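Starting from 1, each residue takes its place in the sequence as its number. Since this is a predicted model, take the numbers as computed values, not measurements.
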Amino acid sequence: MFGLDLPWWELIARGAIVYCALLIMMRLSGRRTVGQFTPFDLLVVMLLSEAVSNSMTGGDESLFGGLIIAATLVALTVLFAFVTSRSKKLEEIIEGSPVLIGRDGVFFDKVMKRCRLSESDVEVALREADCPRPDMKCAFLEADGQISILRKPQ
């Protein structure tokens, strides 16, 4: 229960490698993956966690091993938050930046396809902003996957 099957430093290295690899995979998968969880997305996240579990533990099922990995993941989260708060460039690389997807009531088809947005996604965002399409000044796909609509001044 308390004895480690692996050296403590290997558990930290395994946790850090899996954390960084999953962060890269999530960034490559696109903004909408993070922004809106469907039941399918939730299933993928659950299966991902199960798939990488053994990669992190290396077969170590001890209490201390689990606590070391948990502490490593929390420490990496704090570290990334600290680093991104100090560097705009790293923040853009790690968290992403907003993308202009429309202006003056017109949505940019090529940009929407690249971001994997559908017409219904933007229509929902317009309704949520209570903004008819002709009144739209700009539309952005935010780094967190949400669509922000700015209205023209009245």
Side-chain angles (χ1 to χ4, degrees), residues 11-58 60-61 65-154:
L11 292 170
I12 292 172
R14 286 172 173 271
I17 290 167
V18 170
Y19 183 95
C20 292
L22 286 177
L23 179 65
I24 290 167
M25 286 183 216
M26 293 304 290
R27 288 288 294 130
L28 292 175
S29 70
R31 301 164 202 276
R32 296 301 281 178
T33 304
V34 177
Q36 294 184 344
F37 275 123
T38 64
F40 172 78
D41 297 322
L42 182 60
L43 178 63
V44 169
V45 168
M46 290 170 53
L47 291 175
L48 269 176
S49 70
E50 183 63 29
V52 300
S53 175
N54 289 336
S55 300
M56 286 194 293
T57 63
D60 187 323
E61 296 182 12
L67 292 174
I68 288 171
I69 292 171
T72 300
L73 298 177
V74 170
L76 285 170
T77 302
V78 170
L79 175 67
F80 277 116
F82 178 78
V83 168
T84 57
S85 71
R86 302 282 191 277
S87 168
K88 275 289 196 198
K89 188 65 175 169
L90 283 176
E91 178 184 23
E92 189 173 313
I93 291 169
I94 293 172
E95 295 181 8
S97 58
V99 175
L100 181 66
I101 58 172
R103 179 178 286 138
D104 298 324
V106 177
F107 287 95
F108 310 136
D109 291 332
K110 288 181 182 178
V111 176
M112 287 182 49
K113 284 179 185 172
R114 188 179 70 226
C115 294
R116 296 187 300 269
L117 290 173
S118 68
E119 189 72 26
S120 64
D121 291 331
V122 295
E123 292 297 331
V124 167
L126 286 168
R127 284 193 301 274
E128 287 176 351
D130 194 26
C131 179
R133 189 179 282 232
D135 293 345
M136 180 192 81
K137 179 180 178 182
C138 293
F140 295 93
L141 177 59
E142 302 293 346
D144 66 358
Q146 298 298 314
I147 299 173
S148 298
I149 305 290
L150 301 177
R151 291 180 76 116
K152 292 178 182 175
Q154 295 179 344

| query | With a cut-off of 6.0 Å (strictly less than), are more than 12 heavy atoms of other residues, nucleotides or ligands near NZ of Lys137? | reply | no
Open item on the list: Does Arg151, at its CZ atom, have more than 12 non-hydrogen atoms belonging to other residues, nucleotides or ligands within less than 6.0 Å?
Closed with: yes
Given side chains that start at C-beta, do those of [X] and [Y] come closer than 4.5 Å, heavy atoms only?
X: Leu100; Y: Val111; result: no
X: Met56; Y: Thr72; result: no
X: Phe80; Y: Cys20; result: yes
X: Lys152; Y: Asp104; result: yes
X: Arg14; Y: Ile69; result: no
X: Phe107; Y: Leu117; result: no

Identify the heavy atoms of [X] and [Y] that sit nearest to each other, and give their distance.
X: Ser97; Y: Ala143; answer: N-CB, 4.0 Å
X: Gly15; Y: Leu73; answer: O-CD2, 3.8 Å
X: Ala125; Y: Ile149; answer: O-CG1, 3.8 Å
X: Phe140; Y: Pro98; answer: CD2-CB, 4.4 Å
X: Met112; Y: Val122; answer: CE-CG1, 3.8 Å
X: Leu76; Y: Ala16; answer: CD1-CA, 3.4 Å

In this structure, CD1 of Ile24 is separated from CD1 of Ile94 (nearest 0.5 Å) by 9.5 Å
Output for pair (Leu67 CG, Leu11 CG), nearest 0.5 Å, gives 11.0 Å
So does Ser49 get a backbone contact from the side chain of Ser53, meaning a donor-acceptor N/O pair under 3.5 Å? no
- Query: Would a distance-only check, ignoring hydrogens and angles, find a side-chain to backbone donor-acceptor pair under 3.5 Å from Ser87 to Thr84?
  - Reply: no
